[in-house]
Chemist: 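Take a look at this one; I'll ask things after.
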Protein chains: 2
Amino acid sequence: MRTNLETQQRLLEAAGEIFATRGFRAATVREICQRAGANIAAVNYHFGDKEGLYFAVLKSCSEAALKKYPPTLGLKPTATGEERLLAFVRSLLLRIFDEGRPSWHSKLIAHEMAEPTKALAALIDKVYAPALKQLEMIVRDLASRPASVAVVRQCLFSILGQCLYFQNSRPAIQHIHPEQGFAPADLERLAKHITQFSLAGIRQATK
Amino acid sequence: MRTNLETQQRLLEAAGEIFATRGFRAATVREICQRAGANIAAVNYHFGDKEGLYFAVLKSCSEAALKKYPPTLGLKPTATGEERLLAFVRSLLLRIFDEGRPSWHSKLIAHEMAEPTKALAALIDKVYAPALKQLEMIVRDLASRPASVAVVRQCLFSILGQCLYFQNSRPAIQHIHPEQGFAPADLERLAKHITQFSLAGIRQATK
DNA sequence: CGCATTTTCAAACATATGTTTGGAACGATT
DNA sequence: AATCGTTCCAAACATATGTTTGAAAATGCG
């Protein structure tokens, strides 16, 4: 009962990376098994079929991402709205630019958006919607005065859009601005910019 | 010499729609030919291979999008920076939410970002980079004072990100906010929000 | 019309890919 | 050591897909 779990684990690892880079459909079971050092039949034996493996990968990566960058963000209850916004933005950027599972998670979601599978709805409910809800609290807190649902929502879109841009347009960014780095210091600068930019935007939208 | 062009045209139409929804790899020649009412061999006869058809589609869709929403935006030379920003944002949103070729173009780019093909670099140089350059002029004009390259760039990212969010996360948006409409009036409201939000952000970043 | 070129078509081909299968190897338990 | 359930594996299978082919149909032209 050890090699069993080890093989499953290796498959999850290999599949996570390959699904993240190629998407569900373009990823091949053969490539996954080869990288995992497993037989071609291993996927069907351990996960039923390719789709079962994919769902398991999504589950595994979601949990890994939420564990490495927990929604609480390690903030004190006394943190100001601005601090919480910065923490939210920073954690999102860190997840996007991380190497390994957390970034797989972002890439998997990106692929789902471009070419949805049956897993999309559940993934949104489990990961995407809670993050939005959390951001909504922050924005309401930062608003100059009680804001309408529509205005708050537009601010959410503006903030999320600024962060996810680096997920969804990275090839273009790197092609046009090859000198732009994304080391931790760069990300911190970026997070601060997005936070300040959004703070001004929120105040403008709720003044 | 008539049916010839007609078949090529039908193939381009059908392929545009299918490549846009499924991406290059997941789209099948058979489905494209069926929708175009052409024989399976038509793609290879007229475009060499599937990739040739894909390149032709990209070219066709780029031209169609730039023709329907030209970079000049129909603005007077006397337009203020704010008007030009609004026009830029609006045209981008219109292209994203359009039905037909202009939206195919956006979707094709989105697929390229998620799973790049050999066409990506040329596509960026031809379409993406010029738009960025144009936006850069607007931002520099709106800055409170001469801004560094880095600050301007971050503002570009912020604005583009807000717009492209609706391209790259639409499934999530529609799932979480099913009541959110995207009729012309909604898009106008959205464009105004993004413009005002960004205006405040730019001023904050360049103060 | 007669002929050459172009275009269309049904079928076949070659390859890739998810899945199944029957048996072998393995590990735990008695 | 013997047995039983689990896991692994090489091979085969079924299907999907891009491409090719050779002939038929259509088209242009004198």
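The analysis underlying the following values was restricted to heavy atoms, covering all of them including side chains, and did not include hydrogens, waters or symmetry mates. A, B, ... follow the sequence lines: proteins, then strands. Residue 1 opens every chain. This is a predicted model, so every value here is computed, not measured.
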Chemist: Atom CG of B:Asp49 to atom P of C:dT15: distance rounded to whole Å?
Modeler: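 Spelled out: CG on B:Asp49 to P on C:dT15 is 17 Å.
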Chemist: Please list, for nucleotides 9-11 of chain C, all pairs of protein and nucleotide N/O atoms separated by less than 3.5 Å.
Modeler:
residue: C:dA10; atom: N7; partner: B:Asn39; partner atom: ND2; Å: 3.3

Chemist: Hey, could you give me the SG/CD distance between A:Cys155 and A:Gln204, rounded to the nearest 0.5 Å?
Modeler: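 CD of A:Gln204 is found 10.0 Å from SG of A:Cys155.
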Chemist: Can you tell me the distance, in whole Å, between the NZ atom of A:Lys50 and the C1' atom of C:dT20?
Modeler: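 In whole Å, C:dT20 C1' and A:Lys50 NZ are 17 Å from each other.
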Chemist: Considering only residues two or more places apart or on different chains, which pairs with a residue in residues 161-171 of chain B satisfy salt bridge (Lys or Arg N to Asp or Glu O under 4.0 Å)?
Modeler: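 Not a single pair qualifies under salt bridge (Lys or Arg N to Asp or Glu O under 4.0 Å).
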Chemist: From D:dG18, C:dG18, C:dT6, pick the nucleotide closest to the side chain of B:Tyr45?
Modeler: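 Closest nucleotide among those given: C:dT6.
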Chemist: Rounded off to whole Å, could you give me the CD1-to-C1' distance for the B:Ile32 and D:dT19 pair?
Modeler: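 Computing the B:Ile32:CD1 to D:dT19:C1' distance gives 14 Å.
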Chemist: Nearest-Å distance, CD1 (B:Ile18) to C1' (D:dT17)?
Modeler: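 In whole Å, D:dT17 C1' lies 14 Å from B:Ile18 CD1.
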Chemist: Rounded to whole angstrom units, what separation is found between the CG atom of B:Leu11 and the C1' atom of D:dT19?
Modeler: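 B:Leu11 atom CG is separated from D:dT19 atom C1' by 15 Å.
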Chemist: Would you mind reading off the distance between A:Gln34 atom CD and D:dC8 atom P, rounded to a whole angstrom?
Modeler: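 Whole-Å distance recorded here is 17 Å.
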Chemist: What salt bridge (Lys or Arg N to Asp or Glu O under 4.0 Å) pairs are there with at least one residue in residues 28-48 of chain A, not counting sequence neighbours?
Modeler: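 Every pair satisfying salt bridge (Lys or Arg N to Asp or Glu O under 4.0 Å) with a residue in residues 28-48 of chain A: A:Glu17-A:Arg35, A:Arg22-A:Glu31.
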Chemist: Pick the closest DNA chain C nucleotide for A:Ala26 and for A:Gly48 by heavy atoms, then say which residue is nearer the 5' end.
Modeler: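 That would be A:Ala26.
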Chemist: B:Phe47 has an atom CZ; how far is it from atom P of C:dT8, in whole Å?
Modeler: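 These atoms are roughly 11 Å apart.
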Chemist: May I ask you to test the A:Glu13-A:Trp104 pair for a side-chain heavy-atom distance under 4.5 Å?
Modeler: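 Of all side-chain heavy-atom pairs linking A:Trp104 with A:Glu13, at least one is under 4.5 Å.
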Chemist: Please list, chain by chain and in numerical order, all residues satisfying ring pair (Phe, Tyr, Trp, His ring centres under 6.0 Å) with A:Phe24, sequence neighbours excluded.
Modeler: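 Counting only residues at least two positions away or on another chain, A:Phe24 forms a ring pair (Phe, Tyr, Trp, His ring centres under 6.0 Å) with A:Phe19, A:Tyr54.
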Chemist: Polar-atom pairs under 3.5 Å, protein N or O versus N or O of nucleotides 22-24 of chain C: list them with distances, or write none.
Modeler:
none

Chemist: With sequence neighbours excluded, give me every salt bridge (Lys or Arg N to Asp or Glu O under 4.0 Å) pair touching residues 42-63 of chain B.
Modeler: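 Counting only pairs at least two positions apart or across chains, the salt bridge (Lys or Arg N to Asp or Glu O under 4.0 Å) contacts touching residues 42-63 of chain B are B:Glu51-B:Lys118, B:Lys59-B:Glu63.
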Chemist: Would you say C:dT8 has OP1 or OP2 under 4.0 Å from some side-chain N or O of B:His46?
Modeler: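 Indeed, a polar side-chain atom of B:His46 lies that close.
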Chemist: Given C:dA16, is OP1 or OP2 found less than 4.0 Å from the side-chain N or O atoms of A:Thr28?
Modeler: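 The answer is no; no side-chain N or O of A:Thr28 sits under 4.0 Å from OP1 or OP2.
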Chemist: Distance check needed: C:dA12 P versus B:Asn44 CG, whole Å only.
Modeler: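 The distance from CG of B:Asn44 to P of C:dA12 comes to 18 Å, rounded to the nearest Å.
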Chemist: Which nucleotide, D:dC8, C:dG18, D:dT17, lies nearest any side-chain atom of A:Arg30?
Modeler: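 Ranking D:dC8, C:dG18, D:dT17 by closest atom to the A:Arg30 side chain puts C:dG18 first.
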Chemist: Donor-acceptor pairs under 3.5 angstrom involving side-chain atoms of residues 178-185 of chain B: please list them, not counting sequence neighbours.
Modeler:
residue: B:Glu179; atom: OE2; partner: A:Arg153; partner atom: NH1; Å: 3.4
residue: B:Glu179; atom: OE2; partner: A:Arg153; partner atom: NH2; Å: 2.6
residue: B:Gln180; atom: OE1; partner: A:Arg153; partner atom: NH1; Å: 3.0

Chemist: Could you note down all residue pairs passing ring-ring contact (aromatic ring centres under 6.0 Å, His included) where residues 109-138 of chain A supplies at least one of them, sequence neighbours left out?
Modeler: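 As it turns out, there is no ring-ring contact (aromatic ring centres under 6.0 Å, His included) pair with a partner in residues 109-138 of chain A once direct neighbours are skipped.
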Chemist: Can you sort out the partners of A:His175 under ring pair (Phe, Tyr, Trp, His ring centres under 6.0 Å), two or more places apart, ordered by chain and number?
Modeler: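 A:His175 satisfies ring pair (Phe, Tyr, Trp, His ring centres under 6.0 Å) with no residue once adjacent residues are dropped.
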Chemist: Using OP1 and OP2 only, check whether a side-chain N or O of B:Arg22 sits under 4.0 Å from D:dT17.
Modeler: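 B:Arg22 to D:dT17 OP1/OP2: no side-chain N or O under 4.0 Å.
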